[in-house]
Number of protein chains: 2
Amino acid sequence: MELDQLTECYKAMADKTRLNILALLRHEELCVCELVEILKMTQPSISQHLRKLKQARLVKERRSSQWIFYSIDGEIYPFIKANIEALPDLSHKIEELKASGGKVCC
Amino acid sequence: MELDQLTECYKAMADKTRLNILALLRHEELCVCELVEILKMTQPSISQHLRKLKQARLVKERRSSQWIFYSIDGEIYPFIKANIEALPDLSHKIEELKASGGKVCC
DNA sequence: ATTTTATATAAACATATGGTTATATACTAA
DNA sequence: TTAGTATATAACCATATGTTTATATAAAAT
């Protein structure tokens with residue numbers, strides 16, 4: 001893997017919000033508004049972080065009617081994937097969202 | 001591992017020069033002036049990159065008379081270490097330096 | 001002691017980055 | 001067709017980052 005491409009990957013991971021997003025998507029695909037709800041950040045901010053992750057090919061998107069669901073891109077290099085799997089377990093955040101009726105959607 | 005600490009690690013790796021440094025140190029310890037020579041960059045620039053890598057605990061230093069030798073920190077988290085081992089092989093750069101008589105030192 | 005060599009630090013500057021507010025687009029529902 | 005919902009993009013701003021030049025420090029050599 002080339003250094004330029006690697007640098008882009010690590011740049012994409014070099015932000016706490018984006019690591020949080022990756023840590024959440026590790027459990028299941030989520031749409032933008034769910035991430036907004038969980039991370040308590042504005043929608044444009046989340047969208048721009050997702051764009052960076054997408055450009056670095058760490059996540060992919062899937063449109064379903066009004067929503068766009070993001071998930072970890074399966075094509076990721078194995079050692080990058082290992083990094084994502086080493087992120088903290090945030091499944092409780094998703095559980096909270098479901099419990100509060102905020103899931104699927106919005 | 002905490003997200004803040006992880007973010008610092010990835011920030012440290014989110015730069016092409018620093019990835020080059022890590023890729024070189026993967027093979028053997030090097031002093032600042034050797035890195036300057038190999039990477040064709042100014043000494044203060046290299047020094048500041050090394051400081052970031054040191055702050056993120058990716059590298060450690062060892063003083064030997066006038067020189068300060070940098071190397072990969074052995075205490076690194078395993079999956080971070082795997083990242084460094086996945087970096088391109090730059091041993092030829094070190095060989096070139098040795099061939100040109102630029103090694104140990106300066 | 002003075003000079004030289006190796007490295008670190010500081011100051012200054014240009015560019016990159018992340019957040020906010022406002023607006024545009026895409027789809028849904030009425 | 002119009003209104004509403006979900007998301008993206010643009011413009012703006014404050015802060016962070018990387019590079020350069022200049023200077024400081026530390027050890028070695030003379």
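The basis for the numbers below is simple: all heavy atoms, side chains too, and nothing from hydrogens, waters or symmetry mates. Naming: A, B, ... by sequence-line order, numbering from 1 per chain. Computed from a prediction, not measured in an experiment: that's the story for all the values here.
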- Separation of atom CG in L50(A) from atom C1' in dT7(D), rounded to whole Å: 10 Å

- Atom CD of Q55(B) to atom C1' of dA16(D): distance rounded to whole Å? 14 Å

- Message: Per the salt bridge (Lys or Arg N to Asp or Glu O under 4.0 Å) rule, what does the pair list look like for residues 78-100 of chain B, sequence neighbours excluded?
- Response: E28(B)-K98(B)

- side chain to side chain donor-acceptor pair (under 3.5 Å) against S47(A), all qualifying residues, sequence neighbours excluded: Q43(A)

- Message: Check this one for me: any side-chain N or O of R63(B) less than 4.0 Å away from OP1 or OP2 of dA26(D)?
- Response: no

- State, yes or no, whether a side-chain contact exists between C33(A) and W67(A) at a heavy-atom distance under 4.5 Å. yes

- To the nearest angstrom, the CZ-P distance between R51(A) and dG19(C) comes to 13 Å

- With sequence neighbours left out, the residues meeting side chain to side chain donor-acceptor pair (under 3.5 Å) with K60(B) are S71(B)

- So, with a heavy-atom separation below 4.0 Å from DNA chain C, the residues of residues 42-49 of chain B are Q43(B), P44(B), S47(B), Q48(B)

- Item | DNA chain C contacts among residues 18-30 of chain B, heavy-atom distance under 4.0 Å | none

- Message: OP1 or OP2 of dA26(C) versus the side-chain N and O atoms of S65(A): is any pair under 4.0 Å?
- Response: no

- Task: List the atom of S65(A), the atom of R63(A), and the distance in Å for their closest heavy-atom pair.
- Result: O-NE, 3.3 Å

- Message: So which atom in E34(A) and which in C31(A) form the shortest heavy-atom distance, rounded to 0.1 Å?
- Response: OE1-N, 2.9 Å

- Task: Specify the separation, in whole Å, of atom CZ of R62(A) and atom P of dC27(C).
- Result: 15 Å

- Task: Could you tell me whether the phosphate oxygens of dA6(C), OP1 or OP2, come under 4.0 Å of any side-chain nitrogen or oxygen in Y70(B)?
- Result: no

- Using heavy atoms to find the nearest nucleotide of DNA chain C for Q66(A) and E61(B) separately, return the residue whose nucleotide is more 5′. E61(B)

- Between V32(A) and K11(A), the residue closer to the 5' end of DNA chain D by nearest nucleotide is V32(A)

- Note on the structure: L53(A) CG to dG18(C) P, in whole Å, measures 10 Å

- So, for H27(B) and I94(B), which heavy atoms are closest and what is the spacing to 0.1 Å? CB-CD1, 3.8 Å

- Task: Return no unless some side-chain N or O of K52(B) is found under 4.0 Å from OP1 or OP2 of dG18(D).
- Result: yes

Donor-acceptor contacts, no H, no angles, side chain residues 12-24 of chain B, under 3.5 Å, sequence neighbours left out:
residue : atom : partner : partner atom : Å
D15(B)  : OD1  : T17(B)  : N            : 2.9
D15(B)  : OD1  : R18(B)  : N            : 3.1
K16(B)  : NZ   : D4(A)   : OD1          : 3.1
K16(B)  : NZ   : D4(A)   : OD2          : 3.3
R18(B)  : NE   : A12(B)  : O            : 2.7
R18(B)  : NH1  : H49(B)  : ND1          : 3.0
R18(B)  : NH2  : K11(B)  : O            : 3.1
N20(B)  : ND2  : K16(B)  : O            : 3.4

- Taking the nucleotide of DNA chain C with the closest heavy atom to each, which residue, K54(B) or A14(A), is nearer the 5' end? K54(B)

- Audit row: E75(A), R57(A), salt bridge (Lys or Arg N to Asp or Glu O under 4.0 Å) steps and yes/no: CA-CA 8 Å; E75(A) 308 285 302; R57(A) 300 178 155 267; over 6 Å; no

- Rounded interatomic separation in angstrom, taking CD1 from I68(B) and C1' from dA28(D): 14 Å

- Task: Grab the CG-C1' distance between D15(B) and dT19(D) for me, whole Å please.
- Result: 11 Å

- Task: Round to the nearest Å and state the distance from L39(B) atom CG to dG18(D) atom P.
- Result: 15 Å

- Tested for side-chain contact (heavy atoms from CB on, under 4.5 Å) against L58(A), the lone hit among I72(A), I76(A), L25(A) is I76(A)

